[in-house]
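To keep things clear, I will list the structure first and then write my remarks on it.
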Amino acid sequence: MTWDWRWSWVTSHYDLLGELLGQHLYLSVVPVLLGLLIALPLGILCVQVPRLYAPVLALTSFFYALPSLALFVVLIDYTGFTGWTVIVPLTIYTLSVLVRNVVDGLRSVPEHVSQAATAMGFGGLRRLLQVDLPVAIPVVVAGLRVATVSNISLVSVGSLIGISGLGQLFVDGIQRSFITPIIVGIVLTVILAVLADAILVGLQWLLTPWTRTGRSAKPVSTDPAGVAV
């Protein structure tokens, strides 16, 4: 392994680094979005039908325990050497975190808030959309942060089967015994993870304006009597 740093390699590979960074971001974010689309209705169902939660949690935990590289290899026969070979397993992995956080977030809604909304004539769907889900946002976003950062790290494994991303820099560096692309890959991966986490924190800040006033979490306005409307 050549341990000398070569800045000239970085400056001559800006296009490649930009391309790999974009691919890495795509392969990291799409599974999180797909996982959220699955976890939201699944988590809501688990709250409404509590006996489903234990088997669903056990199933998602089982899939999370499967080695990522093994899943990538198995999927090659079905999805080929495409991004979906990485996206599908990572989507499955996100469910272990997101389903749990959706359920915990919905269960964190104070009982008196739900009762007040029902007393004001909120139907089940309206209460879910305007009261329960907004209150659950901090817990759900916490899950999104964990899933996103984990995916950014796991995407690199896809390079072992030829799926491009920043992991390609690690493979190339090892094969050529050249440390520069390895260091660049590590730095870019960390920067991407930090930026993604910061964006999600900012998104939570925007979606929960009531938390910035020092008041208790109330995503809906109140009448003079303090009843949520």
Side-chain angles (χ1 to χ4, degrees), residues 15-45 56-57 59-103 105 133 136-171 184-207:
D15 291 342
L16 173 63
L17 295 178
E19 180 181 352
L20 294 179
L21 187 62
Q23 292 172 346
H24 199 100
L25 182 62
Y26 170 77
L27 295 173
S28 302
V29 172
V30 171
V32 175
L33 296 178
L34 293 176
L36 183 61
L37 288 177
I38 298 172
L40 274 177
L42 190 56
I44 292 170
L45 181 62
V56 168
L57 192 61
L59 183 61
T60 57
S61 298
F62 168 77
F63 283 120
Y64 188 79
L66 296 176
S68 58
L69 183 57
L71 284 179
F72 295 164
V73 172
V74 169
L75 280 174
I76 289 177
D77 289 338
Y78 304 95
T79 56
F81 292 95
T82 68
W84 288 104
T85 303
V86 172
I87 290 172
V88 172
L90 293 188
T91 299
I92 295 174
Y93 288 154
T94 63
L95 296 180
S96 178
V97 177
L98 295 181
V99 171
R100 187 193 304 269
N101 280 56
V102 169
V103 172
L133 285 177
I137 284 176
V139 181
V140 175
V141 172
L144 285 174
R145 293 172 63 187
V146 172
T148 301
V149 173
S150 297
N151 278 5
I152 290 173
S153 176
L154 285 173
V155 165
S156 299
V157 180
S159 296
L160 295 177
I161 59 171
I163 308 299
S164 294
L166 292 175
Q168 181 178 323
L169 298 176
F170 305 145
V171 175
V184 172
I186 292 174
V187 171
L188 290 179
T189 300
V190 171
I191 291 175
L192 187 59
V194 171
L195 288 178
D197 189 65
I199 290 173
L200 288 173
V201 171
L203 180 63
Q204 177 182 328
W205 187 82
L206 291 174
L207 294 177

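- Applying the side-chain hydrogen bond (donor to acceptor under 3.5 Å, both in side chains) criterion to T79, with sequence neighbours excluded, gives T85.
- How far CD1 of I152 is from CG of L90: 11.0 Å, rounded to the nearest 0.5 Å.
- Applying the salt bridge (charged side-chain N to carboxylate O under 4.0 Å, His left out) definition to pairs two or more places apart or across chains, none involves residues 28-44.
- Annotation: side chain to side chain donor-acceptor pair (under 3.5 Å) contacts involving residues 24-35, sequence neighbours excluded, are absent.
- Contact annotation: the side chain of T82 never approaches that of I87 to less than 4.5 Å [non-hydrogen atoms, C-beta and beyond].
- Residue pairs that meet the side chain to side chain donor-acceptor pair (under 3.5 Å) test with at least one member in residues 92-102, sequence neighbours left out, do not exist here.
- In this structure, CG in L66 is found 5.0 Å from CG in L71, a value given to the nearest 0.5 Å.
- Between L160 and V157, the closest side-chain pair of non-hydrogen atoms falls below 4.5 Å.
- Counting only residues at least two apart or on different chains, no salt bridge (charged side-chain N to carboxylate O under 4.0 Å, His left out) pair has a member in residues 60-78.
- When side chains are defined from C-beta on, V155 does not count as touching L166, because their heavy atoms never get closer than 4.5 Å.
- A side chain to side chain donor-acceptor pair (under 3.5 Å) check over residues 185-202, counting only residues at least two apart or in different chains, returns the pairs R145-D197.
- Listed by first and then second residue, the side chain to side chain donor-acceptor pair (under 3.5 Å) pairs involving residues 146-159 amount to none (not counting sequence neighbours).
- Using a 4.5 Å heavy-atom cutoff, the side chains of L203 and V141 are not in contact.
- Using a 4.5 Å heavy-atom cutoff, the side chains of L37 and L33 are not in contact.
- Contacts of L195 classified as side-chain contact (heavy atoms from CB on, under 4.5 Å), with partners at least two apart in sequence or in another chain: I191.
- Evaluation of the side-chain contact (heavy atoms from CB on, under 4.5 Å) rule for L36 yields L40, L98, V140, L144 as partners, not counting sequence neighbours.
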Original post:
Is there a side-chain contact (heavy atoms from CB on, under 4.5 Å) between Y64 and L95 once you walk through the steps?
Top reply: CA-CA 8 Å; Y64 188 79; L95 296 180; over 6 Å; no
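- Partners of F81 by ring-ring contact (aromatic ring centres under 6.0 Å, His included), not counting sequence neighbours: none found.
- In this structure, CG in L25 is found 12.0 Å from CG in L188, a value given to the nearest 0.5 Å.
- For the salt bridge (charged side-chain N to carboxylate O under 4.0 Å, His left out) condition, no pair includes a residue of residues 86-95, sequence neighbours left out.
- Applying the side-chain hydrogen bond (donor to acceptor under 3.5 Å, both in side chains) test to Q204 and every residue at least two apart in sequence or in another chain returns nothing.
- Side-chain contact between L59 and F63 is present, with heavy atoms from C-beta onward closer than 4.5 Å.
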